[in-house]
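By convention here, the first residue in the shown sequence is residue 1. None of the values given here were measured: they were computed from a predicted structure.
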Amino acid sequence: MRHLSRAVVRNLYPAAVAGVLVFSPYPAGAADDDAPKGPAVTVLKVAKSCFSDIVEATGTIIAREETSVRPERPGLKVTDVLAEAGDTTTAGQVLARLALPEGGTLQVTAPVAGVIATSTAQIGNFASAKGEALFTIVARSEYDLVGLVATTDVRKLAVNQQATVRIAGAGDISGKVRRIGPTVEPNIQQGMVYIGISSQKRLLLNASGRALIKTGQSCNVAVPLTAVQYSSAGTVVQVIRRNRVETKRVEIGLMSGGNIEVRDGLNEGDVVVARAGALLREGDPVRPVMASAEAAK
């Protein structure tokens with residue numbers, strides 16, 4: 001070898017270097033580790049969101065205050081009826097006219113503004129101060145939903161908390177907690193709450209209703225409900241790091257609109273499997289596909 005010419009050495013040197021590059025395992029292995037492998041999975045980045053703590057109450061609609069309208073004198077005949085059940089009235093509005101025995105008429109007026117709940121006034125009928133009321137008025141159009149709440153939720157309630165009251169045929173009406181019952185019904189272990197409602201619509205008394213009472217708010221990171229798994233090991237979410245699955249235990253909180261609050265275990269910006277499943281296990285390689293990109297296709 002000592003006698004090899006310089007020209008031969010020059011020809012052998014590039015080939016030797018090339019052999020080192022081909023057979024060295026380190027660069028190729030690093031590239032393989034970073035390349036996505038395994039099945040494609042839909043993922044998303046964890047973001048912050050605010051959740052309302054909602055307590056639900058179900059019950060019936062009642063008038064907060066009912067005012068009965070009768071003539072002060074007995075034995076008067078109804079000659080004109082100027083209002084009927086369902087009408088909205090103002091204080092002092094003439095509701096009916098009655099004939100006086102000595103001649104002339106007596107006007108029956110609304111003592112308060114509100115909505116006429118019931119009416120028995122019919123032309124030709126007699127009315128008196130002690131008989132059945134000609135009209136009953138829901139004073140000031142104020143109603144209450146008297147609802148029952150689970151005992152575990154009663155402690156969350158406070159006067160003036162905002163509520164959305166849903167009544168069949170009347171849609172959603174705003175209300176607020178007016179009073180909280182001091183006792184619990186022993187047979188059903190539920191407490192009573194009065195949700196105040198003001199509505200110019202005629203609400204049917206004794207109609208069923210449901211109140212959604214906002215008792216608080218919590219802001220944390222959130223994930224879809226489909227991203228959470230429940231098992232004997234606890235509540236977990238599958239996180240993707242370096243294209244591999246990691247299982248993270250999480251503490252969950254409030255739920256709303258298909259999402260759930262994560263109070264501990266995840267950070268904003270973490271990438272999680274959008275629809276977790278038992279087929280994915282700790283350490284599995286995957287090819288993550290962002291949910292937004294998939295939706296755009």
From [X] [atom1] over to [Y] [atom2], what is the distance, rounded to the nearest 0.5 angstrom?
X	Y	atom1	atom2	value
S49	I260	OG	CD1	12.0 Å
N243	R287	CG	CZ	10.5 Å
T105	D80	OG1	CG	8.0 Å
K176	T164	NZ	OG1	13.0 Å
I61	L145	CD1	CG	4.5 Å
L76	L106	CG	CG	6.0 Å

Any [X] side-chain heavy atom under 4.5 Å of [Y] side chain:
X	Y	answer
P224	L44	yes
T120	N125	no
M290	V271	yes
L204	N206	no
L254	R263	yes
V115	I137	no
V165	I167	yes
V289	V41	no

Co-membership, hydrophobic cluster, residues [X] and [Y], 4.5 Å side-chain:
X	Y	answer
L82	L100	no
V154	V193	yes
V250	Y230	yes
V223	I240	no
V262	V228	yes

Looking only at heavy atoms, which two atoms of [X] and [Y] are closest? And how far apart?
X	Y	answer
R244	P285	NH1-CD, 3.7 Å
Y143	R64	O-NH2, 3.4 Å
I197	S174	CG2-O, 4.2 Å
V149	A57	CG2-CB, 3.5 Å
A274	T226	O-OG1, 2.7 Å
G131	R70	O-NE, 2.6 Å

Test side-chain contact (heavy atoms from CB on, under 4.5 Å) on L205 and I62 and set out the steps. CA-CA 5 Å; L205 300 181; I62 66 169; 5.6 Å; no

Can V273 and T42 be said to form a side-chain contact (heavy atoms from CB on, under 4.5 Å), step by step? CA-CA 6 Å; V273 178; T42 302; over 6 Å; no

Given E56, which partner from the list R210, K214, R166, K156 fulfils the salt bridge (charged side-chain N to carboxylate O under 4.0 Å, His left out) test?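 It is R210, the one option of R210, K214, R166, K156 that forms the salt bridge (charged side-chain N to carboxylate O under 4.0 Å, His left out) with E56.
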
If you count the non-hydrogen atoms of other residues, nucleotides and ligands that lie under 6.0 Å from CD1 in I188, is the total more than 12?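 Correct, the count exceeds 12.
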
For Q122, is the CD atom crowded, meaning more than 12 foreign heavy atoms sit under 6.0 Å from it?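 Atom CD in Q122 is not packed in, count stays at 12 or less.
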
Residues [X] and [Y]: side-chain donor-acceptor under 3.5 angstrom:
X	Y	answer
S68	T136	no
S218	E261	yes
Q161	T215	no

Intermediate values then yes/no, side-chain contact (heavy atoms from CB on, under 4.5 Å), L157 and V55: CA-CA 8 Å; L157 299 179; V55 169; 4.1 Å; yes

If the threshold is 4.0 Å, N to carboxylate O, is there a salt bridge linking [X] and [Y]?
X	Y	result
R140	E65	yes
R179	D144	no
D284	R281	no

Give a yes or no on whether the backbone of [Y] and the side-chain of [X] come within a donor-acceptor separation of less than 3.5 Å.
X	Y	result
Q189	P186	yes
T118	F135	no
E282	T247	yes
S198	E142	no
N259	S256	no

Please test K248 against D270 for salt bridge (charged side-chain N to carboxylate O under 4.0 Å, His left out), starting from the C-alpha separation and ending with a verdict. CA-CA 11 Å; K248 298 276 291 183; D270 283 347; over 6 Å; no

How far apart are the C-alpha atoms of T109 and L95, what are their side-chain angles, what is the distance that settles it, and do they pass the side-chain contact (heavy atoms from CB on, under 4.5 Å) test? CA-CA 5 Å; T109 60; L95 305 179; 5.9 Å; no

